[in-house]
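Worksheet: one structure, shown below.
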Amino acid sequence: EPLNYSGFDRAIGYISGEISSGETEPEDIADDLMCLGDLYMAHNEPQQAIKSYSTASEYYKAIYGDDDLSTLEARLSLAQAYMEAGNEAEGSVIVTECIELLEEILDFDLEDIDFAKQNDDADSEAFLCDEIIDLYDFLGWAYDIKGDQAQSDDYYNKAESGCE
């Protein structure tokens, strides 16, 4: 449930307190770190967001692996924070790695959805379609971070079109 705070400092304080209060569930810690990073980015403090996103991505990677969308979201957020903090070299390396993984996952999912369609497996097709749309959105974001607006727009348009 969203919480309303009276200001940026109170929100940062609350979430930082949650993180340092002894929370033991890695996913909850990672989620809090992502929220903290998002707050820093919204407050135009990308340098502060870098540490939060970096730590969150390590948690997600340990829980789910490199190719999970939670991990990739944290890594893309980290790449964007690096770019906005003026460290384009580091941001570019991360976004390029993410694009490679996302495109690899997309290729597998496109093959799998074709197989599901051929076998009239509507449940698998619906599940894969949702994931493909998410992948298109992530790729649109990744190419936007990279500065390739044409490729970004292409993926965002694919996401809007769905799996047809």
Side-chain angles (χ1 to χ4, degrees), residues 2 26-164:
E27 184 177 16
D28 292 339
I29 295 169
D31 292 345
D32 283 345
L33 287 163
M34 286 297 292
C35 185
L36 191 59
D38 292 346
L39 283 169
Y40 282 125
M41 291 297 284
H43 203 255
N44 216 10
E45 295 183 24
Q47 196 62 40
Q48 293 291 336
I50 289 170
K51 185 176 189 307
S52 297
Y53 289 143
S54 179
T55 306
S57 72
E58 291 303 317
Y59 273 104
Y60 287 133
K61 180 179 174 183
I63 300 166
Y64 304 118
D66 283 342
D67 59 352
D68 184 78
L69 291 184
S70 296
T71 305
L72 290 163
E73 179 180 13
R75 302 264 307 141
L76 286 171
S77 296
L78 178 60
Q80 187 167 10
Y82 272 122
M83 295 294 228
E84 290 186 25
N87 189 342
E88 292 183 18
E90 189 67 31
S92 182
V93 167
I94 294 168
V95 78
T96 299
E97 291 170 357
C98 289
I99 287 171
E100 289 173 7
L101 269 172
L102 288 164
E103 288 179 340
E104 185 178 311
I105 296 166
L106 178 63
D107 287 343
F108 284 119
D109 282 357
L110 290 172
E111 288 176 18
D112 287 348
I113 202 168
D114 284 342
F115 184 78
K117 286 177 182 179
Q118 291 171 3
N119 290 294
D120 295 322
D121 186 350
D123 290 339
S124 293
E125 188 178 337
F127 174 80
L128 287 164
C129 183
D130 288 343
E131 184 166 311
I132 288 168
I133 290 169
D134 288 343
L135 290 167
Y136 286 153
D137 276 330
F138 274 67
L139 282 161
W141 179 25
Y143 277 104
D144 187 41
I145 293 168
K146 191 174 180 177
D148 186 339
Q149 199 59 51
Q151 193 71 23
S152 174
D153 290 345
D154 183 49
Y155 277 114
Y156 280 135
N157 288 336
K158 287 180 180 180
E160 285 182 28
S161 296
C163 294
E164 300 308 318

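Computation of the quantities below employed the complete heavy-atom set of this structure, encompassing side-chain atoms and omitting hydrogens, waters and symmetry-equivalent molecules. The structure displayed is predicted, hence computed values, not measured ones.
In this structure, K146 is not positioned above the aromatic face of Y143 in the sense of NZ or CZ being under 6.0 Å from the six-membered ring centre and within 45° of the axis.
Between Y53 and M34 there is a side-chain heavy-atom pair separated by less than 4.5 Å. Considering only heavy atoms from C-beta on, F127 stays 4.5 Å or farther from D123 through its side chain. A heavy-atom distance below 4.5 Å is found between the side chains of E27 and Y64.
Note: Y136 OH to D154 CG = 9.0 Å, rounded to the nearest 0.5 Å. With rounding to the nearest 0.5 Å, the separation of CG in L135 from CD in E131 is 5.0 Å. Atom CD of E160 is separated from atom CG of D137 by 8.5 Å, given to the nearest 0.5 angstrom. Between the CG atom of D32 and the OG atom of S52 there is a distance of 10.0 Å, given to the nearest 0.5 Å. A distance of 7.0 Å separates CD in E84 from CG in N44, rounded to the nearest 0.5 Å. One distance of note links CD1 of I113 with SG of C129; it measures 5.0 Å at 0.5 Å rounding.
Counting only distance, with no hydrogens or angles, the side chain of S57 and the backbone of S54 share a donor-acceptor pair below 3.5 Å. With hydrogens and angles ignored, the 3.5 Å screen pairs no side-chain donor or acceptor of D144 with any backbone N or O of G140. Of the possible polar contacts, one joining the T71 side chain to the G65 backbone as a donor-acceptor pair under 3.5 Å is found. Side-chain N or O atoms of N119 include none that pairs as donor or acceptor with a backbone N or O of D121 at under 3.5 Å. Using modelled atom types, no side-chain atom of S152 and backbone atom of D148 make a donor-acceptor pair closer than 3.5 Å. Checked by atom type and distance alone, the side chain of Y156 pairs as donor or acceptor with a backbone atom of W141 at under 3.5 Å.
Checking each of D67, L139, D107 against L102 for a side-chain contact (heavy atoms from CB on, under 4.5 Å) leaves exactly one that passes, namely L139.
For the residue pair A56 and A30, the shortest heavy atom distance occurs at CB-O, 3.7 Å. Taking every heavy atom of both residues into account, L76 and A142 meet most closely at CD2-CB, 3.7 Å. Across all their heavy atoms, E88 and M83 have their closest contact at CA-SD, 3.5 Å. Scanning all heavy atoms of the two residues, the minimum distance from L128 to A116 falls at CD1-CB, 4.5 Å. Here the closest non-hydrogen pair linking L78 and I50 is CD1-O, 3.5 Å. For the residue pair L72 and F138, the shortest heavy atom distance occurs at C-CE2, 4.3 Å.
For the residue pair D114/Q118, the side-chain donor-acceptor check at 3.5 Å is not satisfied. Side chain to side chain, D31 and Y60 meet the donor-acceptor criterion of an N or O pair below 3.5 Å.
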